[in-house]
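A short write-up of the structure that comes next.
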Amino acid sequence: MTSSSVVEKLAVTRAPSRPRRRGGLPQVGRPGIGWAMPAFLFFGLFALVPLAFGVYLSFTSYEGIRLVPPTWIGLDNWVRLFKDPQVLQSLTVTLILVLLAVVTQTPLSILIGVWAAGNQRGRAIVVAIYFVPLLMSTAAVTVLWASMLDPNFGIPAALPWLFGDGNLLGNQWSALGVIAFIYLWGATPLHTLIYQGAARSIPRTIYQAAEIDGAGTVRQFFSITLPQLRATIVTDVILIVVGTFTTFDLIFILTGGGPNQKTAILPFFMYEQGFQAFDIGYGSAVAIVLVVICGVVSIAMVRLTGFEKMESSQEGV
Amino acid sequence: MKNSSRRGMRLLSATAIVAAAAVLAGCSAGGAPSSSATPKPNLSRPANEIHIYALGDAAAAVEQAAADRFNKTSEVKVIVDKGSSAGVDYAANVRSSLGTSTAPDIFMSYGAAGIKPYISANALYPLDDFIAQDPKLKSSFLPSVFNEEVVDGKSYGVPMRGVGPVVLYYNKTVLDQAGLKPPTTYNDLLGQIDKLKSAGVTPIALGGADKWPTLMWYEYFYTREVGNADVSKALAGDSSIWGSDASKKALADIRGLVDSGAFGTNYQSVHYANDGSPKLLSSGKAAYELMGNWNYGTIAGDDPGFATTNLGWTTFPTVGGSNVDDLAGNLSNYYNVAADTRYPDTVAKFLAALYGDDFVKGELAIGNLPPTTSAGSLIDSTPGLTPSAQSFLQFQLGIITKAPSFQLSWDQSVSTASAAPMLNAMTSYFSGDSDEASFISAMQALKN
């Protein structure tokens with residue numbers, strides 16, 4: 001028996017158990033749609049259905065009592081939303097916080113992440129300590145910071161030359177600064193972890209070649225590391241943007257939206273309407289606005305950065 | 001490769017967006033609504049059990065002890081489920097569970113405004129039949145407190161836990177060192193501000209980062225200048241009262257006090273919790289704090305030595321000579337019953353325990369003064385109370401008995417839709433961010 005006849009025989013033997021697909025393309029390595037069903041089901045049940053219900057509620061008046069069903073009121077909530085000055089203020093504050101988060105967290109995460117990807121002496125210990133905030137819940141961390149920032153018994157009282165009377169939460173800009181700082185402290189380790197992983201996957205050979213060409217550390221960072229991290233930066237910035245857009249617990253515990261609603265970002269405003277005033281219809285409209293904004297911002301960022309045109313960052317190596 | 005990565009990215013974006021949507025919109029979903037017919041006993045509730053949803057603070061232990069005593073002789077057992085210790089979260093949990101088979105049989109409220117939506121939804125069990133069978137269920141409580149949850153002639157709530165008048169606390173040592181006595185009039189208080197400031201202390205501690213402590217200053221200035229009867233009307237929707245001369249006088253008093261520097265410059269960064277404003281008082285960094293009766297327990301828990309020796313308390317100063325004995329604060333908490341409870345007879349029997357001596361003594365032991373007619377006579381015989389705690393309870397009993405009227409805290413008196421905008425309007429005027437006209441128009445715009 002020749003080798004080709006063995007192949008033919010095997011093919012014939014296997015044929016009944018592997019029906020030919022349309023087009024006859026080999027299916028090896030391409031799992032069927034059935035494998036995705038659990039994920040689709042989960043996604044549909046816990047993402048699409050609640051979203052659709054949220055959209056429905058935004059057209060109703062509903063007090064959150066099951067015994068009294070939502071009443072259809074058409075566009076009333078939406079008309080009110082576009083006239084509500086607090087919505088514009090909340091949106092503005094949200095955008096400011098997003099901007100603050102991106103400009104503080106991204107450079108710091110990249111720098112520490114790239115450093116943590118190396119093999120310096122003592123690096124592992126420093127990194128382990130640095131990642132501690134990741135293990136703590138935002139709520140617990142915020143309570144801790146609220147206590148530490150007390151103007152009379154906290155850090156400001158110990159450093160009056162730096163903090164004055166310590167009225168950090170008493171005006172909008174210092175309150176936003178404090179929020180951005182705590183968010184930076186709590187969230188940077190996660191982003192650093194992402195950059196650390198990405199930096200480690202950059203082939204050493206590129207750096208070796210650069211060294212031969214006489215490039216120093218700074219030149220290597222800007223000419224090799226940053227371009228190679230481009231895809232990661234886009235993904236991570238989207239994470240920061242969407243994460244900041246949906247930050248709630250920090251504001252809720254630390255400032256309660258104060259002073260005078262000037263740190264009441266959209267998710268907090270949504271909570272006030274939905275769960276304090278029990279105006280669930282209006283709260284849902286605010287929620288949908290948030291969903292749309294997060295979606296538009298994510299897609300816009302992907303388009304503007306040309307992220308979808310990117311192939312593997314290692315191409316050409 | 002290119003197409004598949006683009007598809008992958010789109011899918012990733014879509015996933016992120018819709019997941020965010022699910023988190024945000026999903027939490028607004030209240031579940032499928034059912035019809036609004038009058039509920040009947042819900043047989044899908046657990047058999048041979050009634051569930052009490054208790055506010056999850058220290059006082060829940062007293063309810064647990066009452067349930068333990070009750071269960072020794074009852075076929076149907078009382079289960080105490082401890083909920084959030086924050087009133088807002090607690091109320092949200094009750095609201096979202098009503099009408100389901102896992103809703104509590106007995107749950108807590110703070111006054112008529114909070115339960116009105118439930119009454120409209122036929123979700124509450126009117127207690128008049130219980131009272132007809134056991135008149136002490138009503139007569140054991142102070143009428144002014146009990147009547148808060150009588151709506152359209154029907155009783156819906158039984159008072160429980162303690163009364164919560166707001167009083168002016170002071171640090172005896174700080175006042176002694178400054179050569180001052182607790183003020184009896186507003187002018188007294190105003191006159192002390194500069195002396196206290198020059199002594200290096202914040203005259204009045206205020207947890208302004210939490211909005212509700214600021215509310216207490218409005219409540220008392222309005223009680224004195226406007227009177228509780230008109231305050232009630234204003235909170236019920238009589239918008240002319242907010243624009244009255246008396247209202248403007250109260251606002252001017254508040255402005256005068258804030259502008260005198262009574263609260264220091266950083267009160268908006270001070271919390272009531274986390275060793276904030278109460279510690280300002282106990283550490284001697286502040287002379288006064290206006291706060292509910294629970295502040296005694298907070299301070300005693302933090303610094304028992306200070307509470308028993310150097311903590312003083314008095315009524316809010318008089319302002320202009322009117323309404324001098326009127327009070328503001330929390331009347332009490334109330335237990336309500338779900339209309340579809342499976343075991344109304346057991347519920348009625350358990351509610352009777354709330355006026356029993358064992359329960360009242362349990363509340364007294366943790367510093368709460370229950371609004372029962374028996375509480376006063378039981379203070380001295382309750383074991384474990386320090387002389388200071390006994391003295392504080394007797395003080396509360398005295399001012400409550402003497403008060404011609406007791407105004408329920410404003411945020412509990414208005415509809416839930418109005419509470420947040422009201423607190424925002426108050427903190428805004430207090431800090432000087434808005435003026436008298438803005439405050440008045442914000443209060444007139446509240447929904448009832």
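Order of the sequence lines fixes the chain letters, A, B, ..., with proteins taken first and strands second; residue numbering starts at 1 for each chain.
Between chain A and the options B:A92, B:G264, B:G276, the largest number of non-hydrogen pairs under 4.5 Å is found for B:A92.
For the pair A:D150/B:H271, no side-chain contact is recorded, criterion being any heavy-atom separation below 4.5 Å from C-beta on. With contacts defined as side-chain heavy-atom distances shorter than 4.5 Å, the pair B:S431/A:N260 qualifies. For the pair A:I65/B:R95, a side-chain contact is recorded, criterion being any heavy-atom separation below 4.5 Å from C-beta on. You'll find the side chain of B:D433 stays beyond 4.5 Å of the side chain of A:P259, heavy atoms only. For the pair A:F153/B:L280, a side-chain contact is recorded, criterion being any heavy-atom separation below 4.5 Å from C-beta on. Taking 4.5 Å as the limit, every side-chain heavy atom of B:N122 sits out of range of all side-chain heavy atoms of A:L67.
Contacts of residues 418-427 of chain B with chain A at a heavy-atom distance below 4.5 Å involve B:A420, B:N424, B:T427, listed in sequence order.
Only the side chain of B:K447 comes within contact range of chain A, judged by heavy atoms closer than 4.5 Å. For B:S415, no part sits under 4.5 Å from any heavy atom of chain A, backbone or side chain. Interface residue A:E272: only side-chain heavy atoms are found under 4.5 Å from chain B. Interface residue A:Q261: only side-chain heavy atoms are found under 4.5 Å from chain B. Within the 4.5 angstrom heavy-atom criterion, no atom of A:V286 approaches chain B. For A:F248, no part sits under 4.5 Å from any heavy atom of chain B, backbone or side chain. Contacts of A:I253 with chain B are made by backbone atoms alone, with heavy-atom separations under 4.5 Å and no side-chain atom involved. Only the side chain of A:D279 comes within contact range of chain B, judged by heavy atoms closer than 4.5 Å.
One finds the CG atom of B:N93 at 10.0 Å from the CZ atom of A:F275 (value rounded to the nearest 0.5 Å). A distance of 10.5 Å separates CG in B:D210 from OG1 in A:T255, rounded to the nearest 0.5 Å. Note that CG of A:L168 is 6.0 Å distant from OG of B:S269, once rounded to the nearest 0.5 Å.
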